[in-house]
Amino acid sequence: MTHSPHFTLRLALGLAEPDTADALAARQYPEVLALLSDRFGLPEEMVEELLGADAAQMRAALAIDPEEWLLGAAELGDPAVGRALWDAKFRNDAGQRWRAMHKIPGLLTAVLAAADLGDPRWHDDDGLLPLLYQVSKGPDLVPVLTSGFPGLTAGTLVGCAAFLPPPVVVDACLDLLEIWGGTEPFAKVLALLEETPGLDLGHPWLPDLLRRALDAPDPAALLREHRPGGQWEDPAHLHALIALRYGSIASVPPQKPDGLDWDLLWREHERLPISRRGMYRGRVWPNTLIQWEGCPTDVVKDKFHADPDATIRTVTELPFEVLTEPCDREVSLDLLLGRGIREGWFPLDRVLTEVSPAPEVLRALPYDHEPTRKALADLLAPLGTDPVNWLTCYAALRRATGTVAELIADVLTPRPRKKRHTSWPQPRKGRPRVRGPRAPGPPSSVCSGAPRRRPRPPSSRISTRWPSSSSSGSAARPRRCATRWWPLTVSRPR
């Protein structure tokens with residue numbers, strides 16, 4: 001529990017009887033006003049004016065959701081309130097502070113919808129509209145581009161068109177036509193293009209469409225003919241696109257909005273890359289998309305190669321290819337196989353027959369997962385009850401570079417007697433013992449025929465050592481085998 005005076009006062013007012021709470025609010029009026037100002041992120045004078053300086057109404061406002069209250073304030077159409085809402089940072093019930101324009105979808109839309117643009121206070125130097133004209137980058141573009149602002153004037157259309165998909169640009173032209181009652185803004189846009197040859201609207205077809213609209217008997221009908229149906233009609237879809245392109249992590253929806261077509265998203269990316277560096281912009285785009293259902297495989301794989309462990313923890317699903325393709329970053333095979341097998345991303349038969357090296361795969365398998373134990377038991381069953389098979393398998397495990405299935409097949413391949421092992425490998429005297437890869441013990445259901453030496457837990461490390469070189473007579477110096485990270489290469493004696 002926090003000991004903030006604001007929290008204590010709010011708690012006391014919430015627990016008291018209504019009459020007692022109203023009397024307490026009247027007595028603590030300055031404190032209640034400061035509490036509401038902090039909660040809604042607006043100046044105290046403005047909060048007092050909006051609530052009518054009524055202590056009982058102020059006490060009741062403490063129970064209102066800040067987002068709902070701010071949306072109600074936006075619908076008043078007051079220029080001063082609209083300007084204050086642009087900078088407002090409200091505090092939610094958990095005590096977290098958020099920028100209202102970034103956190104509340106549709107807040108700026110509500111402000112502009114209620115605004116009387118004929119009121120000069122909206123256009124004053126300290127008004128809201130000049131402030132919006134100056135927004136050219138960053139998260140502030142998210143509310144600006146999704147609020148209807150691009151369709152207010154010829155200047156806003158010229159400044160915002162390049163950031164928007166073609167259907168939304170046509171919608172902005174229709175808004176201009178409705179607000180101004182004619183095609184005058186289209187003529188101003190064309191004049192701006194002639195005065196500034198380097199000005200780019202981002203849509204080569206747009207100037208010609210505006211020229212045709214100037215001469216058309218029904219400009220609105222002409223524009224609607226060029227507006228593809230079913231594309232970017234849902235405000236949530238446009239908000240998701242703009243948030244991916246310019247927003248922060250908090251402004252991007254954690255799940256793909258219903259009905260948003262991946263093809264539309266990719267088409268817009270091809271028109272204007274969502275990133276500033278080829279595919280991605282910073283961390284927002286890939287970190288979010290890999291959590292969206294149906295995320296394209298190439299996006300998932302690119303994010304995996306950039307940050308493997310973070311991707312494993314947050315991705316919706318990983319393709320099997322990440323187990324077999326090279327990766328320049330260190331990858332925790334324990335984490336990868338642990339989640340991938342339990343969630344069904346990686347079929348067990350393919351893991352045992354296609355992923356290498358066998359020692360690391362065996363060490364990283366989730367042995368608390370019943371299907372994993374059964375699949376491994378079935379694979380090891382051909383070793384039977386002959387102790388020599390198990391001893392030979394254990395000895396071969398130290399040098400195995402192939403898959404688990406290849407290891408077992410190699411053990412079962414007929415070979416000369418001298419290449420079969422009849423005892424546990426032991427370190428030679430006078431040589432330091434070298435820790436090798438962990439060798440997880442096979443399930444009890446399949447190792448009944450294996451020779452029993454001394455019980456070891458599956459997580460134990462078994463001390464091994466490489467035999468000396470027979471050609472030089474000198475002891476070979478083994479290199480430590482990587483036991484935590486993948487891709488892995490089992491070191492062999494030099």
Side-chain angles (χ1 to χ4, degrees), residues 108-109 112 123 129-180 182-216 219-220 222-228 231-233 235 237-248 251-252 263-282 284-285:
L108 185 58
T109 303
L112 296 178
H123 306 272
L129 291 184
L131 192 65
L132 299 183
Y133 291 141
Q134 298 173 11
V135 177
S136 61
K137 61 181 180 179
D140 285 347
L141 275 173
V142 178
V144 169
L145 295 176
T146 58
S147 63
F149 178 75
L152 288 183
T153 67
T156 59
L157 179 64
V158 170
C160 300
F163 303 124
L164 299 171
V168 182
V169 174
V170 176
D171 291 340
C173 293
L174 288 168
D175 291 342
L176 274 175
L177 199 61
E178 180 180 355
I179 292 173
W180 291 84
T183 58
E184 179 186 353
F186 300 164
K188 290 183 178 180
V189 171
L190 296 174
L192 285 172
L193 292 176
E194 292 180 1
E195 294 171 3
T196 314
L199 194 60
D200 183 13
L201 295 179
H203 303 277
W205 49 267
L206 183 56
D208 182 62
L209 179 62
L210 295 180
R211 292 188 188 95
R212 294 171 57 190
L214 289 176
D215 301 327
L222 175 67
L223 292 174
R224 291 191 186 98
E225 289 178 2
H226 288 78
R227 207 271 186 221
Q231 298 182 12
W232 304 108
E233 294 178 346
H237 296 177
L238 179 62
H239 183 274
L241 169 67
I242 303 302
L244 281 171
R245 184 173 272 153
Y246 304 109
S248 61
S251 64
V252 180
D263 290 339
L264 284 179
L265 195 61
W266 239 238
R267 194 182 310 165
E268 179 61 14
H269 172 68
E270 291 174 354
R271 182 192 72 83
L272 179 66
I274 290 179
S275 74
R276 297 177 182 176
R277 296 188 300 273
M279 192 62 182
Y280 309 129
R281 185 189 74 81
V284 175
W285 162 262

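Start at 1 with the first residue, then count along the sequence.
Heavy-atom minimum distance, Cys160 versus Leu145: CB-CD2, 3.6 Å. In this structure, Ala216 and Leu222 approach most closely via the heavy-atom pair CB-CD2, 4.0 Å. Scanning both residues, Leu199 and Leu192, for their nearest heavy atoms gives CD2-O, 4.2 Å. Here the closest non-hydrogen pair linking Pro185 and Ala154 is O-CB, 3.5 Å. Heavy atoms only, all atoms of each residue included: Leu238 and Pro165 are closest at CD1-CD, 3.9 Å. Across every non-hydrogen atom of Leu177 and Gly182, the tightest pair is CD1-O, 3.3 Å.
To the nearest 0.5 Å, the span separating CG on Leu244 from NE2 on His269 amounts to 11.0 Å. Atom CG of Asp200 sits about 9.0 Å away from atom CG of Leu193, to the nearest 0.5 Å. For the atom pair Leu176 CG and Thr153 OG1, the distance stands at 7.0 Å (nearest 0.5 Å). If you take CG on Leu164 and NE2 on His203, they are separated by 6.5 Å, rounding to the nearest 0.5 Å.
Side-chain contact check for Leu223 versus Leu209: some heavy-atom pair is nearer than 4.5 Å. Inter-residue side-chain proximity for Leu157 and Cys173 is flagged as met; some heavy-atom pair is nearer than 4.5 Å. Counting heavy atoms from C-beta outward, Asp175 and Pro150 have side chains that stay 4.5 Å or more apart. At a threshold of 4.5 Å between non-hydrogen side-chain atoms, the residues Leu132 and Pro143 do not count as touching. At least one side-chain heavy atom of Leu241 sits less than 4.5 Å from a side-chain heavy atom of Trp232. In this structure the side chain of Leu129 reaches within 4.5 angstrom of the side chain of Leu152, judged on heavy atoms. Leu190 places a side-chain heavy atom less than 4.5 Å from the side chain of Leu214.
The salt bridge (charged side-chain N to carboxylate O under 4.0 Å, His left out) test applied to Arg271 returns Glu268, not counting sequence neighbours. Checked against side chain to side chain donor-acceptor pair (under 3.5 Å), Thr183 has no partners two or more places apart in sequence or in another chain.
No donor-acceptor pair under 3.5 Å is formed between the side chain of Arg211 and the backbone N or O of Asp215.
The list of ring-ring contact (aromatic ring centres under 6.0 Å, His included) pairs with a residue in residues 135-174, not counting sequence neighbours, reads Tyr133-Phe149, Phe163-Tyr246.
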> side chain to side chain contact (heavy atoms under 4.5 Å, CB included) between His237 and Leu264: does it pass, once the steps are laid out?
Replying inline: CA-CA 10 Å; His237 296 177; Leu264 284 179; over 6 Å; no
